[in-house]
Structure formats: C-alpha cells, structure tokens
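So the structure is just underneath, and the comments pick up after that.
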Amino acid sequence: MKLMYDAMNDHENVVNWRSIFHRNMARPRANFVTWMLCHEKPATKDMLRRFNLITDSICSICKSADESIAHLFFECRENQEVWGQILQWIDNAHSPLPWAEELKWLAKEANKKGWRASLLKMAFSETVYGIWYRRNNIVFAKGANTNIVKSIIDNIVYRNWLSKKLRDHVALLMM
C-alpha cells in the first residue's frame, strides 16, 4: 500500500517554502503576491525588458539600479528600511538577506511552532504585498504610499486580532 501511495505522489516537486503558507493568516491577496514571488513571477521591469515590452528597467522606487525581484524586494535601500521597521516592530532581530537566502531562512523559521512563527509568516506576506502595492502605485498611479509601514502594521494587527492565540501578543507589540 505504501509503495502505491509513493508512486502516486510526486515528492520531487515539493518546495522548501511551502511552510510559509501553512496557516498564514495574511490577506489572500498578500499570500498570492508572496506565492508569485516564491515562483519568481512578478512582472518587474527587468522581466518586462527581457520580453521587449519596455526599454527602461530602472527601479521605480530608488532609481539607482535595475528593478529585479531581488533588488525590488530585498536590496532597494528604501524597501530595506521598510523590512527593518517591520522586523523591529515584531521584535525579530534579523536583517534581510539576498533573496535565495532570505527564502531559506523564512522557510526554516516558518516551520517552527508558536506565535512568533505565525506572526513572522504574516508579516512577511503583508510586507511583500505592501512593497508590490507601493511599486505599482508609483508606476501606474504616479504616486506613492508614504506611510507603507503603518499600512502593513495595521493589516497585521487587524488580521491577528481575529485570533485569540495571537491577540495578546499583538496587543503587547502595539504598546
């Protein structure tokens, strides 16, 4: 019986970052953008330039480098400040790493049990979405959400307030 089960399941396609999404209480749109990021599919300017859809690939936020997934989400100095403030708010002494290492670190941390792992998964997804939303506002609406950190924290608080397990911990973070 076990051999048949193993034959029917393709264990080679299991990804190491699946723990990021298990019981992640972030908004569905935030989890979707994070899932797209894990698959390296967001339409950043460098990808659009490779398809000859645009000619300019400079980062929409910092205007100093090509807008790749790694740069936009983890290397852009303005977005590094966002990550730093969110990680400081959730009381996590971690500084963002390059994309591949960050994903490995997060997958390892998300596998842990407890409220800190739950909060970290949600904060990661909401921050990824916040950065993507900010970038799209700059590109398409020609404006920026200057209070991105407050917006991310508000979403984390509102979503976690529904959980009796996390409510007390979030209340302490708000003090």
Trp99 versus Glu75, side-chain donor and acceptor atoms under 3.5 Å | no
What one should report as the nearest heavy-atom pair of Pro28 and Arg159 is CD-NH2, 4.3 Å
Please answer: with hydrophobic residues joined when any side-chain heavy atoms are less than 4.5 Å apart, are Leu48 and Leu37 in the same cluster?
-> no
Under 3.5 Å side-chain donor-acceptor pair for Asp46 and Ser57 = no
Smallest separation among heavy atoms of Ile90 and Arg116, with atom names | O-NH1, 4.0 Å
Within the distance-only criterion (no hydrogens, no angle test), does the side chain of Ser151 pair as donor or acceptor with the backbone N or O of Asn147 below 3.5 angstrom?
-> no
Please tell me if the side chains of Pro96 and Leu87 come closer than 4.5 Å, counting only heavy atoms from C-beta onward.
-> yes
Check whether any side-chain heavy atom of Phe74 lies under 4.5 Å from a side-chain heavy atom of Leu97, and answer yes or no.
-> no
How close do Val139 and Ser60 get, heavy atom to heavy atom, and via which atoms?
-> CG2-OG, 3.1 Å
For residues Arg134 and Asn79, is any side-chain donor paired with an opposing acceptor at under 3.5 Å?
-> yes
Interatomic spacing from CG in Leu119 to CG in Asn92 - rounded to 0.5 Å | 9.0 Å
Considering non-hydrogen atoms only, spot the tightest contact between His39 and Trp17 and give its length.
-> NE2-CH2, 3.4 Å
Separation between OG1 (Thr55) and NZ (Lys45), nearest 0.5 Å, reads 9.5 Å
For the residue pair Phe73 and Trp132, does the interplanar ring angle fall in the parallel (under 30°), tilted (30 to 60°) or perpendicular (over 60°) class?
-> parallel
Supply the atom-to-atom distance Arg135 CZ to Cys76 SG, rounded to the nearest 0.5 angstrom.
-> 11.5 Å
Test item: Gln85 side-chain N/O and Val149 main-chain N/O as donor-acceptor pair under 3.5 Å | no
Measure the CG-OG distance between Asn24 and Ser125 for me, rounded to the nearest 0.5 Å.
-> 4.0 Å
Measure the spacing between CD of Glu109 and CD of Glu102 and express it to the nearest 0.5 Å.
-> 10.0 Å
State, to 0.1 Å, how close Ile58 and Ser64 come at their nearest heavy-atom pair, and which atoms those are.
-> CG2-N, 4.2 Å
For the atom pair CD1 (Ile54) and CE (Met47), what is the distance rounded to the nearest 0.5 Å?
-> 11.0 Å
Full working for side-chain contact (heavy atoms from CB on, under 4.5 Å) between Trp83 and Ile131 | CA-CA 10 Å; Trp83 282 112; Ile131 289 170; 3.5 Å; yes
Is it true that the side chains of His94 and Gln88 contain a donor and an acceptor less than 3.5 Å apart?
-> no
Nearest heavy atoms of Pro42 and Ile69, plus distance in Å = CD-CD1, 3.8 Å
Sole candidate of Ile148, Ile153, Leu120 that passes side chain to side chain contact (heavy atoms under 4.5 Å, CB included) when paired with Ile86 | Ile153
